[in-house]
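Computed over heavy atoms, backbone and side chain alike; hydrogens, waters and symmetry mates excluded.
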Amino acid sequence: MFVLRFLCGQWYNPTTDEDLESQGYQKVCRLSTLVTALAHDLFHFEITSQVPEGLSKHVVSSKKAQANWYRKLLEAWRAAKPPPKTPEEAARLVIETLKRHQKADVEGLLAFYGLPLPHTLVQLAAGAPTSLPEGVKYEFQTFPVDSSAIADGDGMTVYVSTTDPRESSCVPREVQEAVVQRSQARVEENYTKADAIHEKIIESGYRVLDVQNNEEILARMYRIRLRGIDAPENAMPYGKGAKEELTKIVQGKCLRVLVYGDDQYGRCVADIYCDGKFVQELMLKKGFAWHYATYDQRPELARWEKEARATRVGLWASSNPEKPWEWRRKNKKKGQKRIQRKDKSEGR
């Protein structure tokens, strides 16, 4: 429990699980085990002044020097607002805090915890825009994204509160009435009826979400297609990896979405920002997407793809990865041929 407090940047001694939850730390258990291990050792050092056993096998400096690192890291961790929650964030804290120390020691410490090494970390160039870029039709903020809402490496479903001024004025009357009917059914403890009404609400593109303190709120659903990139389809090589990477970036996060228009499938074509980071930049630099130059000519997207190709990260580890738009075209033709053969065999 002490470690949970430490991870969240508070030095507090909880006595019960209920005490933990009352302080808002229900989600800490989902932090990366790699980050938790480092946090645990820093907390242990605070109590005992002892560095972890086995660290000396990974670094070149003495135990006295190692203790100096942990003192510095302990101060940096306490000062971080918020403290690191991902392996990348923890690695950046270690690298920045120990930047004046030997490279072999810094990389050895990172390797000891299984954290990313300096050369594998993505250096981001684009931050969230302070004003709306040209071509943006509208923007919105989402509720935290659920992992099940990630369709693939360039698509997801998000939900937006209907208390947003832009949304509140356009909720269909039938949806408003259904929400009232559902609430009444729940008051009457007729949960079968309430669930059936909720299904109709969902079919209309809305959903009632549970929020804090057992409150419910009506949210509108949006399907999003990330603008300017094309990730491998799920059935392609690296398709699963691309989906997992996008999930890792946005899961549990509220997103800023800048919408430029709709595609032929009714999805919003949008730029996505997560914690101030441009999601398309992350996907390109980590080698999990192509620049979709047919539909987006931004030079920075082409540059980020080129950087990933040069370092052979992600799908660029393959000498000749198949382009997703070519894969879709090829598989569409195969599907059409199967239908034609079936029609012919049935005499149509």
Student: Run the side-chain contact (heavy atoms from CB on, under 4.5 Å) check on K330 and E322 step by step: do they pass?
Tutor: CA-CA 11 Å; K330 180 176 65 178; E322 186 174 12; 3.0 Å; yes
Student: Hey, quick one: are L109 and L115 part of the same hydrophobic cluster, counting side-chain heavy atoms closer than 4.5 Å, chains of contacts allowed?
Tutor: yes
Student: Can we say D164 and R166 salt-bridge, meaning some charged N sits less than 4.0 Å from an Asp/Glu carboxylate O?
Tutor: no
Student: Atom CD of E46 and atom CZ of F43: how far apart are they, to the nearest 0.5 Å?
Tutor: 8.0 Å
Student: Sub-3.5 Å donor-acceptor pair from the side chain of R223 to the main-chain atoms of Y265, do we have one?
Tutor: yes
Student: Quick check: do R71 and F45 have side-chain heavy atoms less than 4.5 Å from each other?
Tutor: yes
Student: Any non-hydrogen side-chain atom of C170 less than 4.5 Å from a side-chain atom of R220?
Tutor: yes
Student: Is it true that a side-chain atom of D275 and a backbone atom of K277 form a donor plus acceptor pair closer than 3.5 Å?
Tutor: no
Student: Step by step, work out the side-chain contact (heavy atoms from CB on, under 4.5 Å) result for L98 and D105.
Tutor: CA-CA 9 Å; L98 304 181; D105 283 330; over 6 Å; no
Student: To check you understand the geometry: which heavy-atom pair defines the closest contact between G239 and N234, and what is its length?
Tutor: O-OD1, 4.0 Å
Student: Less than 4.0 angstrom from a charged side-chain N to a carboxylate O is my criterion; do R328 and D230 meet it?
Tutor: yes
Student: Inspect the contact between E216 and R182 and indicate whether a charged nitrogen and a carboxylate oxygen are less than 4.0 angstrom apart.
Tutor: yes
Student: Side chains of H101 and K72: do they bring a donor and an acceptor to under 3.5 Å?
Tutor: yes
Student: For residues D271 and Q280, is any side-chain donor paired with an opposing acceptor at under 3.5 Å?
Tutor: yes
Student: Ignoring hydrogens and angles, tell me if any N or O in the side chain of T162 forms a donor-acceptor pair with the backbone of L218 under 3.5 Å.
Tutor: yes
Student: Where do S56 and Q66 land on the side chain to side chain donor-acceptor pair (under 3.5 Å) test, with the steps shown first?
Tutor: CA-CA 9 Å; S56 294; Q66 294 170 29; 3.1 Å; yes
Student: Mind checking whether I217 and M221 sit in one hydrophobic cluster, side chains of I, L, V, M, F, W, Y counted as touching below 4.5 Å?
Tutor: yes
Student: When rounded to the nearest 0.5 angstrom, what is the spacing between CZ in R227 and CG in D296?
Tutor: 4.5 Å
Student: Could you tell me whether a side-chain N or O of E199 sits under 3.5 Å from a main-chain N or O of D195, the two making a donor and an acceptor?
Tutor: no
Student: I need the Y238 OH to W316 CH2 distance, nearest 0.5 Å.
Tutor: 10.5 Å
Student: Salt bridge check, K285 against E305: does any charged N sit closer than 4.0 Å to a carboxylate O?
Tutor: no
Student: In sequence, state the C-alpha distance, the side-chain angles, and the governing distance for L38 and V94, and then conclude on side-chain contact (heavy atoms from CB on, under 4.5 Å).
Tutor: CA-CA 10 Å; L38 175 58; V94 171; 4.1 Å; yes
Student: Among E307, E281, E245, which one satisfies salt bridge (charged side-chain N to carboxylate O under 4.0 Å, His left out) with K286?
Tutor: E245
Student: K248 and E88: side-chain contact (heavy atoms from CB on, under 4.5 Å), yes or no, with the steps?
Tutor: CA-CA 11 Å; K248 185 169 71 173; E88 290 80 6; 3.6 Å; yes
Student: Do F143 and Y159 have their ring centres less than 6.0 Å from each other?
Tutor: no
Student: Heavy atoms, side chains only, cut-off 4.5 Å: are D154 and R225 in contact?
Tutor: yes
Student: Would you find a donor on one side and an acceptor on the other, under 3.5 Å apart, between the side chain of H291 and the backbone of W304?
Tutor: no
Student: For Y138 and Y222, take the angle between the two ring planes, folded into 0 to 90°, and tell me which bin it lands in: parallel under 30, tilted 30 to 60, perpendicular over 60.
Tutor: tilted
Student: Distance check, rounded to the nearest 0.5 Å: Y70 atom OH versus S49 atom OG?
Tutor: 13.0 Å
Student: Kindly indicate whether the side chain of V160, heavy atoms from C-beta on, has any atom under 4.5 Å from the side chain of Q141.
Tutor: no
Student: Locate the shortest heavy-atom distance separating L284 from A289; write the atom from each residue and the value.
Tutor: CD2-O, 3.5 Å
Student: So which heavy atom on S161 is nearest to which on T163, and how close?
Tutor: OG-OG1, 2.6 Å
Student: Which residues pass the salt bridge (Lys or Arg N to Asp or Glu O under 4.0 Å) test with K57, not counting sequence neighbours?
Tutor: none
Student: Measuring only between side-chain heavy atoms, which start at C-beta, is M156 closer than 4.5 Å to L255?
Tutor: yes
Student: Check whether any side-chain heavy atom of W290 lies under 4.5 Å from a side-chain heavy atom of I229, and answer yes or no.
Tutor: no
Student: Would you mind checking if E96 and K99 are paired as a salt bridge, meaning a charged N to carboxylate O distance below 4.0 Å?
Tutor: yes
Student: For A242 and P232, work out which heavy atoms get closest and say how close.
Tutor: CB-CD, 4.0 Å
Student: Same hydrophobic cluster for Y206 and V259, using side-chain heavy-atom links shorter than 4.5 Å among ILVMFWY?
Tutor: no
Student: Return the minimal non-hydrogen interatomic distance between R256 and L132, and the atom names on each side.
Tutor: NH2-CD2, 4.1 Å
Student: Report yes or no: does D262 contribute a side-chain atom to a donor-acceptor pair with the main-chain N or O of G266 at less than 3.5 Å?
Tutor: no
Student: Starting from L246, can I reach V269 by hopping between I/L/V/M/F/W/Y residues whose side chains sit under 4.5 Å apart?
Tutor: no
Student: Going only through I, L, V, M, F, W and Y residues with side-chain contacts under 4.5 Å, is there a path from M283 to L315?
Tutor: no
Student: Taking the side chain as C-beta and beyond, is there a heavy-atom pair between S61 and W69 under 4.5 Å?
Tutor: yes
Student: Any chance you could measure I95, atom CD1, to L117, atom CG, to the nearest 0.5 Å?
Tutor: 8.0 Å
Student: Over all heavy atoms of both residues, which pair between S204 and V175 is shortest? Give the atoms and the distance, please.
Tutor: CB-CG2, 3.7 Å
Student: Between the side chains of D41 and Y113, does any donor sit under 3.5 Å from an acceptor?
Tutor: yes
Student: Quick one: pull up CD1 in I272 and CG in L282 and give me the separation to the nearest 0.5 Å.
Tutor: 12.0 Å
Student: Pair R186, Y191 - check side chain to side chain donor-acceptor pair (under 3.5 Å), show working.
Tutor: CA-CA 6 Å; R186 289 175 64 83; Y191 298 113; 5.9 Å; no
Student: Do E188 and Q184 have side-chain N/O donor and acceptor atoms under 3.5 Å apart?
Tutor: yes
Student: Side chains of L258 and F140, heavy atoms from C-beta outward: is any pair under 4.5 Å?
Tutor: no
Student: Under 30°, 30 to 60°, or over 60°: which ring-plane class applies to Y292 and Y295, parallel, tilted or perpendicular?
Tutor: perpendicular
